[in-house]
Amino acid sequence: MKKIAVIIYSLVFLVLSVQSLRSQDRTSRLRDTAESLLIDAVQAYDSGATKAAMDRLSAILETFPDDDAAHYYMGLCHARLGDPDSSLKEIREAVRLAPDNYWYRDRLATLYAMTGQDDQAVEVYEGLLADFPRKTEIHYSLVNLYARQNRLDKVLGTLDEIERVMGRDETTALARYDILMHQDKADEAFAVLEEFNEDFPSPQVLSMMGDAKAADDSDSLAMAYYDQALALDSSYAPALIGKSEVYRMNRSFDGFFNTLEEFVSSPSIPVQAKSQYLSNLTQFIDPRFYQNFQPRLDSLYDNGVKAHPADSSMLLTAGTYFFRSDRRDRGVELFKTNSDLYPDDFNARAMYIQSLSYSEDWNTLLKASDEAYAAFPEEPAFLNMRVMAYYNLGDFQSVISESKRMAEAFKDNPEVVVSALSMIGDTYHQLDNGKEAFAAYEKALKIDPEYAPVLNNYAYYLCLTGKKLKKAAAMSKVTVEQEPDNATYLDTYGWILHLLKKSQEAKSYFKHAMLYGGKDSATILDHYAEVLYSLGEYDLAKVYWDDAVKKDTENEIPDLVERIGERMKAIGR
């Protein structure tokens with residue numbers, strides 16, 4: 001019996017051992033599969049395939065819910081998809097499972113900071129700092145958080161710790177300077193720069209010292225610091241700009257322009273810095289300053305182009321300067337150069353075409369707009385510029401054909417189609433073809449029944465025929481409801497009411513129009529005068545008629561003077 005029992009026991013032990021080995025083997029295979037899936041997930045995440053990465057990570061976590069790496073990368077995926085709550089949940093779990101992992105904790109702190117949970121971020125970073133005291137990036141992260149919380153003493157203390165561990169450098173000195181300035185401790189802040197400069201002279205620190213003295217009106221000291229900075233780096237842009245500003249404030253314009261010439265001509269200063277400065281100069285230039293120093297200013301912009309003849313920002317800046325200073329030919333030339341150099345740049349093309357429209361060079365504009373439309377067939381603006389060019393050339397048939405071309409090319413864009421039909425209607429009206437004009441307006445209103453420009457013009461042209469005044473009034477009323485301060489729309493509605501024998505009601509709309517630009521239009525003034533005249537307010541009508549005559553410098557209303565005479569004669573005036 002004992003022998004049999006031993007044999008049975010041995011067999012049972014053998015079976016259990018085999019099962020255990022099989023279980024271990026299965027677990028090992030699952031673990032290998034999970035590791036393979038994790039590698040695939042990381043590769044998918046790195047390549048931007050976030051959904052694929054999450055599918056693989058979910059498969060891992062179903063089998064191994066305690067896989068810290070899978071939780072970590074799942075958190076990164078949620079963050080990329082804009083789900084900060086889920087991201088925090090996953091990263092926190094990764095930190096719980098692997099509390100010694102620096103990168104998990106750093107990411108958790110970053111997420112807290114990004115979601116405005118500054119106290120939690122500080123807590124995590126302070127814990128990291130205790131474990132990794134020589135990682136300066138933790139110190140700098142804490143500096144930013146303390147500053148955001150306005151805990152400036154903590155910022156200064158952290159900077160002390162950085163300098164104790166890593167030694168002083170320009171970053172800590174400038175950070176300390178900013179904090180002290182924020183605390184209104186200007187003298188202490190300047191002392192920080194002075195002390196640092198004694199041991200580690202640098203153009204940046206010296207320039208900041210120059211700026212500080214310039215702000216205190218200590219011009220000679222400011223100049224001394226700027227010169228020291230330039231002695232270390234002759235093309236250091238902040239020092240050159242600071243020096244030029246001191247010259248300008250002291251009205252030493254030779255020094256001002258000479259310093260800026262160095263700035264603009266220097267090959268080592270980035271062109272973006274130059275074009276930005278010159279762009280600001282263009283924007284804020286005083287007309288008298290321009291008149292007194294035009295040749296020197298011209299030289300600055302010309303030298304900028306000479307130094308960077310193929311840079312788009314410089315060409316646009318110089319082109320804008322010459323255009324605004326009434327040298328439009330030179331401005332157009334620079335815009336064209338930029339457009340030719342960068343034919344695939346929409347803004348370059350657009351600036352050139354816009355300059356042609358301002359210069360009223362309609363024939364050149366036609367060609368340039370056609371070329372731009374060929375390069376950017378998705379942009380209706382270039383076809384619209386061709387419409388404008390034909391209109392200004394008086395070629396109304398081409399206006400209509402080009403507008404039809406635009407409507408067909410952008411038939412899936414209702415806004416463009418309605419605008420094109422509006423132009424077609426307006427042009428047919430100018431050609432005295434009311435039938436086609438009104439047909440175009442009807443098509444436009446089927447697409448957008450509340451398109452104000454069409455409603456206004458359609459209503460006004462209807463009232464000129466004396467027909468369908470109620471329809472005209474209904475359309476015009478919509479426009480003044482949409483834009484109650486639009487003088488043109490108020491004039492149309494008021495005039496239609498007058499024609500409908502509702503002059504008293506019309507008067508209120510004209511009074512409102514006078515407050516919003518109506519006094520600048522001879523037609524609106526004339527209409528208002530007619531309304532007042534019909535109401536028996538003859539003296540006031542005469543006042544507005546006199547204003548209308550003064551405004552009608554281009555004989556917009558051919559019978560105006562004669563009609564006023566007839567009206568006055570009729571009342572014995």
Side-chain angles (χ1 to χ4, degrees), residues 391-397 399 422-423 425-438 440-441 453-473 475-477 479-480 486-573:
Y391 182 86
N392 282 280
L393 288 168
D395 186 350
F396 296 133
Q397 289 297 338
V399 169
S422 176
M423 176 57 74
D426 295 346
T427 308
Y428 271 126
H429 177 78
Q430 285 198 271
L431 294 172
D432 293 323
N433 189 336
K435 180 181 178 181
E436 292 291 345
F438 296 157
Y441 292 147
V454 167
L455 288 169
N456 177 74
N457 291 358
Y458 194 1
Y460 187 66
Y461 295 149
L462 270 178
C463 84
L464 292 181
T465 68
K467 301 174 182 178
K468 299 183 180 180
L469 291 179
K470 289 184 179 180
K471 177 178 180 178
M475 289 192 294
S476 184
K477 186 178 181 181
T479 69
V480 296
N486 186 311
T488 299
Y489 296 169
L490 290 165
D491 168 59
T492 298
Y493 189 49
W495 188 243
I496 294 170
L497 290 173
H498 169 67
L499 295 177
L500 288 168
K501 310 303 181 185
K502 298 179 181 180
S503 296
Q504 191 63 49
E505 186 179 348
K507 179 182 174 181
S508 64
Y509 287 97
F510 279 107
K511 285 178 68 175
H512 195 67
M514 292 300 108
L515 299 174
Y516 292 94
K519 291 181 179 180
D520 296 326
S521 167
T523 297
I524 298 177
L525 289 165
D526 177 37
H527 285 169
Y528 190 24
E530 285 285 355
V531 170
L532 292 168
Y533 184 87
S534 71
L535 293 171
E537 299 182 40
Y538 304 128
D539 291 336
L540 192 55
K542 183 64 166 60
V543 169
Y544 281 102
W545 264 321
D546 288 343
D547 287 344
V549 170
K550 292 175 184 176
K551 289 290 182 184
D552 193 23
T553 56
E554 298 182 5
N555 199 30
E556 181 183 343
I557 313 170
D559 68 331
L560 180 61
V561 175
E562 181 182 352
R563 179 160 41 83
I564 294 171
E566 291 174 356
R567 295 282 193 270
M568 293 298 103
K569 183 179 179 180
I571 59 172
R573 300 286 180 92

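What you see below is based on every heavy atom in this structure, not just the backbone, and it leaves out hydrogens, waters and symmetry mates. Numbers here simply count residues along the sequence, with the first being 1.
The nearest pair of heavy atoms linking Ala472 to Ala459 is O-CB, 3.3 Å. The two residues Pro558 and Glu556 have their closest heavy-atom pair at CD-O, 3.4 Å.
In this structure the side chain of Gln430 reaches within 4.5 angstrom of the side chain of Tyr391, judged on heavy atoms. In this structure the side chain of Ile524 never reaches within 4.5 angstrom of the side chain of Lys519, judged on heavy atoms. Residues Gln397 and Val399 form no side-chain contact, since every pair of their non-hydrogen atoms from C-beta on lies 4.5 Å or further apart.
Atom CG of Leu462 is separated from atom NZ of Lys470 by 14.5 Å, given to the nearest 0.5 angstrom. Here CG of Leu455 is found 8.5 Å from OG of Ser476. Values are rounded to the nearest 0.5 Å. For the atom pair CG (Asp547) and CG (Leu525), the distance works out to 6.0 Å, reported to the nearest 0.5 Å. The distance from atom NZ of Lys468 to atom CD1 of Ile496, rounded to the nearest 0.5 Å, is 14.0 Å. Rounding to the nearest 0.5 Å gives a distance of 5.0 Å between CG of Leu497 and CD of Glu505. Distance check: Cys463 SG to Leu500 CG gives 9.5 Å after rounding to the nearest 0.5 Å.
Partners of Val561 under the side-chain contact (heavy atoms from CB on, under 4.5 Å) rule, at least two apart in sequence or in another chain, are Val549. Judged as a side-chain contact (heavy atoms from CB on, under 4.5 Å), and not counting sequence neighbours, the contacts of Leu393 are Trp362, Asn363, Leu366. Not counting sequence neighbours, the partners of Lys507 by the salt bridge (Lys or Arg N to Asp or Glu O under 4.0 Å) test are Glu537. Evaluation of the side-chain contact (heavy atoms from CB on, under 4.5 Å) rule for Asn457 yields Asp426, Tyr441, Tyr461 as partners, not counting sequence neighbours. The ring pair (Phe, Tyr, Trp, His ring centres under 6.0 Å) check on Tyr460 picks up nothing, with sequence neighbours excluded. Scanning for salt bridge (Lys or Arg N to Asp or Glu O under 4.0 Å) contacts around Asp526 gives Arg563, with sequence neighbours left out.
In this structure, the side chain of Ser503 does not engage the main chain of Ala506 through any donor-acceptor pair within 3.5 Å. Asp552 contributes a side-chain N or O that, together with a main-chain N or O of Ile557, makes up a donor-acceptor pair within less than 3.5 Å. At distances below 3.5 Å, at least one donor-acceptor pair connects side-chain atoms of Asn486 with backbone N or O atoms of Tyr489. Listed for the Tyr533 side chain is a donor-acceptor partner under 3.5 Å among the backbone atoms of Arg567. Using a distance-only test at 3.5 Å, with no hydrogens or angles considered, a donor-acceptor pair links the side chain of Thr427 to the main chain of Met423.
A donor-acceptor contact closer than 3.5 angstrom is absent between the side chains of Tyr544 and Glu530. Counting only N and O atoms by type, the side chains of Thr492 and Asn456 include a donor and acceptor under 3.5 Å apart.
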Please lay out, stage by stage, how Thr479 and Met475 fare under the test side-chain contact (heavy atoms from CB on, under 4.5 Å). CA-CA 7 Å; Thr479 69; Met475 289 192 294; over 6 Å; no
Report the C-alpha distance between Met568 and Trp545 in whole Å, list the side-chain angles of each, state the deciding distance to 0.1 Å, and finish with yes or no for side-chain contact (heavy atoms from CB on, under 4.5 Å). CA-CA 11 Å; Met568 293 298 103; Trp545 264 321; 3.8 Å; yes
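Checked options Leu490, Leu532, Val531; the residue passing with Phe510 is Val531 (criterion: side-chain contact (heavy atoms from CB on, under 4.5 Å)).
In summary, Asp520 and Lys551 engage in a salt bridge, as defined by a charged side-chain N under 4.0 Å from a carboxylate O. Classification of Asp546 and Lys542 as a salt-bridged pair holds, one side-chain N sitting under 4.0 Å from a carboxylate O.
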